[in-house]
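One structure is given here, and the rest of the page talks about it.
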Amino acid sequence: MENKNDSSIETNAYKKLNFFLKQIRTKTDFVPETAIVLGSGLGNFSNKIKQECTISYADIDGFPVSTNKMHAGRFIFGYIENKPIVLMDGRIHYYEGYTMEQVVTPIRIMKMLGAKNLILTNAAGGIDNGFKPGDLMIITDHITSFIPSPLIGPNIEELGVRFPDMTHVYNPELIDKLKSIGRDKQIDLKEGVYLQTTGPNYETPAEIRAYKALGANAVGMSTACEAMIATHCGMKICGLSCITNMAAGITGEPLDDSEVVEVASTVADKLETILYNLVKNL
Ligand code: HPA
């Protein structure tokens, strides 16, 4: 039998990340402090940034590219006020057929580029009866029990521990900052637990009833795996869900992705105000 001990495999996974990092470093020496992931229909935020450099995922040899037409697939480096940031304009989803390791690669890369904070945004279905389409929800915790952990496989010791604690994935200080920005700007912010499914299908009404019983307030196909990997490598995280529709069975209406994009674009202004002010205050 081949003698492959953990550390040799581990070195390979880390080597791959360093291979990507090296390619990015041939294009820019920009060091971001904060990383932001833009969800479906929220890509316009890039216009709010004093852009320094853009790198398409497709220009990084071996890097996963987003196949979803609503996701551009590039890193944007630049400034909000004087704060250096990297924007992930287009994320990678598990439902596209990538492995979980590939899905979370851009998050790890942004950390390796220097980002200490991570702001996650997404489009999500509302499960909580107190929500309506167009609401914004601060993610206070998540449920990942229905997706494979992105940490399965040899641990990358250089990035984090084998058994990372998940008690405070979403940073309480950042949550407080979000709430205070909401109050100042008179933007109503809900709070709740985000549950991630694999997608790409939307859920059945029975699944939504089950997720509700488990404590979920919103459901989506991204984000929680990214928050998990970022917790592993020690980033300070917060997340905002744009409730684009009520989840299956709640109103009885069938779900449609054009509704998701349409509603996300109507809330984009509110979300951009929150993001801008949060980065400014970090
Ligand atoms: N379910 C899963 N993902 C989603 C939904 C939903 O209802 N809306 C937007 N993303």
Side-chain angles (χ1 to χ4, degrees), residues 36-45 66-73 88-98 100 103-104 119-148 150 170 189-228 239-272 274-275:
I36 304 176
V37 182
L38 296 177
S40 304
L42 305 169
N44 275 346
F45 186 66
S66 40
T67 60
N68 184 327
K69 63 181 185 312
M70 277 139 31
H71 292 259
M88 217 179 125
D89 187 14
R91 54 157 48 101
I92 313 297
H93 297 86
Y94 187 57
Y95 64 70
E96 294 174 84
Y98 290 109
M100 266 295 174
V103 168
V104 297
I119 306 172
L120 298 165
T121 67
N122 62 38
I127 295 179
D128 192 307
N129 288 100
F131 293 176
K132 57 181 183 322
D135 277 347
L136 289 175
M137 182 190 90
I138 299 173
I139 305 177
T140 54
D141 202 350
H142 70 214
I143 297 172
T144 58
S145 316
F146 299 94
I147 57 164
Y170 301 88
L189 293 175
K190 312 286 190 205
E191 289 172 53
V193 172
Y194 175 92
L195 183 146
Q196 182 177 353
T197 64
T198 64
N201 54 288
Y202 291 115
E203 304 70 33
T204 64
E207 284 164 342
I208 294 301
R209 287 194 297 276
Y211 298 160
K212 186 174 191 171
L214 291 176
N217 303 96
V219 61
M221 305 173 193
S222 64
T223 304
C225 60
E226 298 164 348
M228 193 196 291
L240 279 168
S241 288
C242 166
I243 306 297
T244 50
N245 57 282
M246 291 313 288
I250 295 187
T251 64
E253 290 296 314
L255 307 191
D256 179 348
D257 70 326
S258 58
E259 183 192 357
V260 169
V261 180
E262 202 180 300
V263 176
S265 62
T266 64
V267 240
D269 274 358
K270 280 196 296 186
L271 184 73
E272 286 171 13
I274 304 273
L275 288 183

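We count ligands from 1, going down the list as the structure has it; atoms in each ligand are counted the same way.
- Residue-level proximity to ligand 1 for T244 is carried by the side chain, the only part with a heavy atom below 4.0 angstrom.
- Contacts of T197 with ligand 1, taken as heavy-atom pairs under 4.0 Å, are absent altogether.
- In this structure, the separation between CD1 on I243 and CG on D128 is 8.5 Å, given to the nearest 0.5 Å.
- Neither the backbone nor the side chain of N122 has any atom closer than 4.0 Å to an atom of ligand 1 (non-hydrogen atoms only).
- For S241 (side chain) and A123 (main-chain N/O), no donor-acceptor pair under 3.5 Å exists by modelled atom type.
- Interface of N245 with ligand 1, defined as ligand atoms under 4.0 Å from a residue heavy atom, comprises 5 (C), 6 (C), 7 (O), 8 (N), 9 (C).
- For ligand 1, the polar-atom distance check against E203 finds a nitrogen or oxygen pair separated by under 3.5 Å.
- Remark: E259 pairs with no residue by the salt bridge (charged side-chain N to carboxylate O under 4.0 Å, His left out) rule, at least two apart or across chains.
- Judged by distance alone, the side chain of N122 and the main-chain N or O of G39 form no donor-acceptor pair under 3.5 Å.
- Heavy atoms of A248 found under 4.0 angstrom from ligand 1: none, in either backbone or side chain.
- A donor-acceptor contact shorter than 3.5 Å is absent between the side chain of K212 and the backbone of N129.
- Near L255, meaning under 4.0 Å from any of its heavy atoms, are these atoms of ligand 1: 7 (O).
- In terms of protein heavy-atom proximity, atom 3 (N) of ligand 1 is closest to G220 CA, 3.4 Å.
- Interface atoms of ligand 1 facing A123, defined by a heavy-atom separation under 4.0 Å, are 9 (C), 10 (N).
- Of the protein's non-hydrogen atoms, the one nearest atom 5 (C) of ligand 1 is G125 N, 3.4 Å.
- The salt bridge (charged side-chain N to carboxylate O under 4.0 Å, His left out) test applied to K190 returns D188, not counting sequence neighbours.
- For the atom pair CG (L275) and CG (L38), the distance works out to 7.5 Å, reported to the nearest 0.5 Å.
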